[in-house]
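Quick notes on the structure that follows.
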Amino acid sequence: MGFTVQDVEDLAKLIETHEEWRQRLRALLLGREIEDLPDQMQTMQKAVGALFSEMARAFNSQAQALSSLIGAIQTLVSSVNTLIVVQKRQAEEFAGWRVEEDRRFAKLEEAVARLVEAQARTEEQLSQLIEAQARTEERVSRLEEAVARLAEAQARTEERVSRLEEAYAQVEERLSRLERTVAELAERLIQLEQTVAELTKRLIQLEEQVRQVVEVIRHLAWEQRDLRDQLNRFGSIVGLSAEGRMAVYMERWLQARGYRLLMPIASLPVDSEAEIDGVTRIQDASGNTEWVLVSVRVKVRRRDFETFAGVLQRQKIRDLLKTYGITGKARPFIFGIAMEWGVEEEARRHGIGLVMDERGEIVSAEVWEL
């Protein structure tokens, strides 16, 4: 994913607001050597200062030593001169002391020899100091070159910092726009919260209305259940009445067509959901027998033929009919008191006969093989 100007400005604004980020970015941009440059310069300055202080102390010490030595020599020379004068003046008086004076002179010579040696060592130390001064000047020259290079690097760094400051200015401008946008969003959020509060209030009212509707629906469900029970009881009464009329009418109708009923018409429950309302066995004039299966409907509808055909086609039902000895040829009928428009076509399509009370056979039944 690309890094856009927007991303740079956002990053610059974040860096400006976090001191520790600016220090980290400065270290990454300028490098550890440039970042440590002020500390290195300060350390170098301290080292050079210490070196010059040490050299100054050494020069002062040597100067003091030389001054003391020169004073001692001058004092010695003065003493020697005074001694010579005194010796000349008192040569004769102190002749006995000549041995002592020689001894003292010998000590004086030894002291002078030591002074000469000390002077030689001092000159040697001065030579070393001169060499050290030369090396120091060489190191200072190298430091000056390093400082010049650091000055160039500092100039480049200042240029980069200037560009970074320009980027910061752009980020500040974008941040100002962002702050205005956030303020607008905050205002819109307040409005949205007010709207949500209003919607919440309306939702509570709606929930109360829904609760009331649920109570009404529950009450209606109870009433519907009572009505269904009443309708079922009424249907049972009507069904029994229709089945009784079917038994009387079908018996007369079959006899009128020349059939003899070998058994009275009776209902046969086949399972918990289905029942054949009328079953009988008939015999024609030639002695051929077949079964008549009747389903009774107060009002015959088109779907009743598909339902009755499905019952008779179920293998479970056929196996049950066999247990009652109902096998072989059979004619299925639907007997009704009233009928829906178009039922004749459904009767013919399923091969089921249609007999209506007071009107007789509407559609002939086909012979089924059970």
Side-chain angles (χ1 to χ4, degrees), residues 228-314 317-318 320-370:
R228 185 171 60 250
D229 293 340
Q230 294 176 8
L231 289 175
N232 289 335
R233 289 193 296 270
F234 178 75
S236 298
I237 295 172
V238 174
L240 290 175
S241 177
E243 289 179 7
R245 297 181 64 175
M246 175 273 297
V248 174
Y249 185 85
M250 288 298 293
E251 183 176 350
R252 293 176 182 176
W253 179 75
L254 289 171
Q255 290 174 351
R257 292 175 64 87
Y259 291 102
R260 183 171 68 91
L261 275 66
L262 300 180
M263 57 183 297
I265 298 175
S267 63
L268 177 65
V270 292
D271 59 18
S272 60
E273 297 180 358
E275 182 181 44
I276 300 176
D277 299 315
V279 177
T280 187
R281 191 176 186 185
I282 60 174
Q283 185 180 44
D284 60 15
S286 300
N288 298 316
T289 62
E290 56 186 42
W291 291 93
V292 175
L293 308 177
V294 184
S295 176
V296 178
R297 294 291 184 270
V298 176
K299 182 175 182 179
V300 182
R301 303 180 186 276
R302 289 188 295 271
R303 64 175 179 271
D304 294 334
F305 294 92
E306 182 177 0
T307 301
F308 192 34
V311 170
L312 297 178
Q313 289 171 353
R314 286 163 57 187
I317 301 299
R318 293 198 172 196
L320 181 61
L321 293 175
K322 286 181 181 180
T323 61
Y324 289 100
I326 303 174
T327 59
K329 295 180 180 181
R331 292 179 186 270
F333 291 92
I334 289 182
F335 177 87
I337 298 175
M339 68 179 184
E340 187 179 64
W341 181 84
V343 296
E344 301 95 324
E345 182 179 352
E346 288 297 313
R348 295 186 184 94
R349 189 165 69 88
H350 292 284
I352 298 175
L354 175 59
V355 178
M356 300 301 296
D357 187 26
E358 303 296 339
R359 284 182 288 180
E361 185 180 42
I362 307 299
V363 177
S364 299
E366 295 180 4
V367 177
W368 287 45
E369 189 70 32
L370 297 179

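- The aromatic rings of Trp253 and Phe333 lie perpendicular to each other, with more than 60° between the two planes, well past the 30° mark.
- Contact annotation: the side chain of Leu293 never approaches that of Arg331 to less than 4.5 Å [non-hydrogen atoms, C-beta and beyond].
- What you find for Glu344 and Ile362 is that their closest heavy atoms are CG-CG2, 3.7 Å.
- Looking at every heavy atom in both residues, Phe335 comes nearest to Asp357 through CZ-CB, 3.6 Å.
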* Asked: Should Glu346 and Arg349 be marked as a salt bridge (charged side-chain N to carboxylate O under 4.0 Å, His left out) after you check the CA-CA gap, both sets of side-chain angles, and the distance that decides it?
  -> CA-CA 5 Å; Glu346 288 297 313; Arg349 189 165 69 88; 2.9 Å; yes

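- When all heavy atoms are compared, the tightest approach of Val270 to Glu275 is CG2-N, 4.1 Å.
- With sequence neighbours excluded, no residue satisfies salt bridge (charged side-chain N to carboxylate O under 4.0 Å, His left out) with Arg252.
- Considering Val292, Ile276, Ile352, Val311 in turn, Ile352 is the only one that fulfils the side-chain contact (heavy atoms from CB on, under 4.5 Å) rule with Pro332.
- Here the CD1-CD distance, from Ile282 to Glu251, works out to 12.0 Å after rounding to the nearest 0.5 Å.
- At least one side-chain heavy atom of Val300 sits less than 4.5 Å from a side-chain heavy atom of Met356.
- One distance of note links CD1 of Ile334 with CG of Asp277; it measures 10.0 Å at 0.5 Å rounding.
- Taking every heavy atom of both residues into account, Leu312 and Arg318 meet most closely at O-NE, 2.9 Å.
- The CZ atom of Arg302 lies 11.5 Å from the CE atom of Met339; values are rounded to the nearest 0.5 Å.
- Of all heavy-atom pairs between Arg359 and Tyr249, the closest is C-OH, 4.0 Å.
- Counted within 6.0 Å of CD on Glu306, heavy atoms from surrounding residues, nucleotides or ligands total 12 or fewer; the atom is thus considered open.
- Note: Gln313 CD to Trp368 CH2 = 4.5 Å, rounded to the nearest 0.5 Å.
- Between Glu345 and Phe305, the closest side-chain pair of non-hydrogen atoms is not below 4.5 Å.
- Checking each of Gln283, Lys329, Arg281 against Thr289 for a side chain to side chain donor-acceptor pair (under 3.5 Å) leaves exactly one that passes, namely Arg281.
- Between Leu321 and Leu268 the shortest side-chain heavy-atom distance falls below 4.5 Å.
- Here the straight-line distance linking atom OG1 of Thr280 with atom CD of Glu290 works out to 11.0 Å at 0.5 Å rounding.
- A heavy-atom distance below 4.5 Å is found between the side chains of Leu354 and Val343.
- Separating the CE atom in Met250 from the CD1 atom in Ile265 is a distance of 6.0 Å, to the nearest 0.5 Å.
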